[in-house]
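Here's the structure we're looking at; comments come further down.
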Amino acid sequence: MSAPATPVASHVVRARTAVAGVFALNGFAFASWISRIPESRTALDLTPGALGTLLLAIAVGSVLALPATGPVVHRVGAARVVAAGALLDGLGLVVAGAGVATGQVLLTALGLFLLGVGTGSWDVAMNVEGAVVERRLARSIMPRFHAAFSLGTVAGAGVGAALSALAVPVVGHLVAAGLGVATSALVVVRAFLPPESEPEPGGPGAPVARRNPMRAWAEPRTIVIGVMVLAMAFTEGAANDWLVVALVDGHGVTQAVGAVGFALFVEAMAVGR
């Protein structure tokens, strides 16, 4: 007869489920915007070049957030950073929706910038928490977390396609998605592992050697991994930003069908992961 799970083990299991949940919510929030890009482009009367400039706001927000989030997670814990990122994500979707509804490009850009900052910080924090949970379980589960993100994007794109087919305004969709995602994430992160549960290197009270983070860039493997990730991010990012628009403009399909095409793309990613 097997021994019952210890409280720590059950806590880790709950944290595993919570991490998968925030990965899925992150993907859902992102896909909610992606699925409505063609309608937003039409409402804002943007040329392809202007649309590309608008979408750059998300990238700028993410690039600023990604390198700055690690120290914050170390200081306040992954749960708080995920919660803050989810709130920024939700606010970004609401502001972007308001910008589309009122035809204000700058307001939409502000919303997308906030979405980028929220997504970037949320992404770093949930991966840090996922790595902690993975070490506690002593087996590889990170690909499943990333698959949960892709499943979240499938759900977000599917909802976007359905709402587009029903002619639900973009602002109504994004406001509901933003509020729902932020509220759900605040609840889910309560099951994260507490920061003090991570064992100290060398045992409690042992001195921690300080390392220069720039030394990592002297490691050839870091460069190789970075180039590989850059190539994959470039490919995925191009599809995220332009696939729905390409289907609508290049093949004359409805905006709902374009969102379904994006859903199929992210579903293939989920299967691969």
Side-chain angles (χ1 to χ4, degrees), residues 19-35 37 48 51-70 73 78 81-82 85 89 92 112-113 115-134 139-158 160 213-214 216-247 250 258-273:
V19 172
V22 296
F23 266 85
L25 287 170
N26 189 300
F28 185 92
F30 187 66
S32 296
W33 159 251
I34 296 297
S35 64
I37 286 179
L51 176 61
T53 303
L54 175 65
L55 296 175
L56 187 61
I58 301 179
V60 171
S62 294
V63 168
L64 291 176
L66 288 170
T69 301
V73 173
V81 176
V82 168
D89 252 31
L112 295 182
F113 174 78
L115 180 63
V117 173
T119 298
S121 56
W122 184 349
D123 185 82
V124 172
M126 70 185 182
N127 274 282
V128 170
E129 180 72 8
V132 173
V133 171
E134 186 176 60
R139 60 189 179 89
S140 177
I141 58 169
M142 191 65 77
R144 297 186 182 183
F145 292 149
H146 290 163
F149 172 87
S150 293
L151 291 175
T153 59
V154 172
M214 298 305 296
W217 294 102
E219 169 59 57
R221 289 173 294 184
T222 301
I223 305 300
V224 172
I225 293 173
V227 171
M228 179 182 69
V229 171
L230 175 64
M232 293 182 175
F234 186 84
T235 304
E236 182 182 353
N240 287 339
D241 288 345
W242 295 102
L243 180 58
V244 182
V245 175
L247 290 172
V260 171
F262 174 69
L264 291 175
F265 166 72
V266 291
E267 184 175 0
M269 291 184 61
V271 172
R273 286 169 168 167

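Remark: the backbone N or O of Val22 is not paired with any side-chain donor or acceptor of Asn26 at under 3.5 angstrom. No donor-acceptor distance shorter than 3.5 angstrom exists from the side chain of Glu267 to the backbone of Val154, with no hydrogens or angles considered.
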Criterion side-chain contact (heavy atoms from CB on, under 4.5 Å) on Val81 and Val124, from CA distance to verdict: CA-CA 9 Å; Val81 176; Val124 172; over 6 Å; no
From CA spacing to verdict: side-chain contact (heavy atoms from CB on, under 4.5 Å), Val19, Val132: CA-CA 10 Å; Val19 172; Val132 173; over 6 Å; no
Residue pair Asp123, Phe149: steps toward the side-chain contact (heavy atoms from CB on, under 4.5 Å) verdict: CA-CA 10 Å; Asp123 185 82; Phe149 172 87; 5.5 Å; no
Trace of the side-chain contact (heavy atoms from CB on, under 4.5 Å) decision for Ile34 with Asp241: CA-CA 7 Å; Ile34 296 297; Asp241 288 345; 4.1 Å; yes
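To the nearest 0.5 Å, atom CH2 of residue Trp33 and atom CG of residue Leu115 are 9.0 Å apart. With values rounded to the nearest 0.5 angstrom, Ser62 atom OG is found 12.5 Å from Trp122 atom CH2. If you take CG on Asn240 and OG1 on Thr235, they are separated by 10.5 Å, rounding to the nearest 0.5 Å. Here the CZ-CE distance, from Arg221 to Met228, works out to 13.0 Å after rounding to the nearest 0.5 Å. With rounding to the nearest 0.5 angstrom, the CG atom of Asp89 is 10.0 Å from the CG atom of Leu25. For the atom pair CG of Leu112 and CD1 of Ile58, the computed distance is 4.5 Å after rounding to the nearest 0.5 Å.
Heavy-atom minimum distance, Ala131 versus Met142: N-CE, 3.4 Å. Nearest heavy atoms, Ser140 versus Pro143: OG-CD, 3.7 Å. The two residues Ser35 and Gly160 have their closest heavy-atom pair at OG-CA, 3.4 Å. The shortest non-hydrogen separation linking Ala125 to Val82 is CB-CG2, 3.5 Å. Shortest non-hydrogen contact noted between Val244 and Ala259 is CG1-N, 3.9 Å. Residue Phe262 comes nearest to Ala157 through the heavy atom pair CD2-CB, 3.6 Å, listed as atom of the first residue, atom of the second, then distance.
The side chain to side chain contact (heavy atoms under 4.5 Å, CB included) search around Val63 returns none, not counting sequence neighbours.
Residues Leu51 and Trp242 meet the side-chain proximity criterion, which asks for heavy atoms closer than 4.5 Å.
Aromatic ring pairs are classed by plane angle as parallel below 30°, tilted from 30° to 60° and perpendicular above 60°; the pair Phe23 and His146 is tilted.
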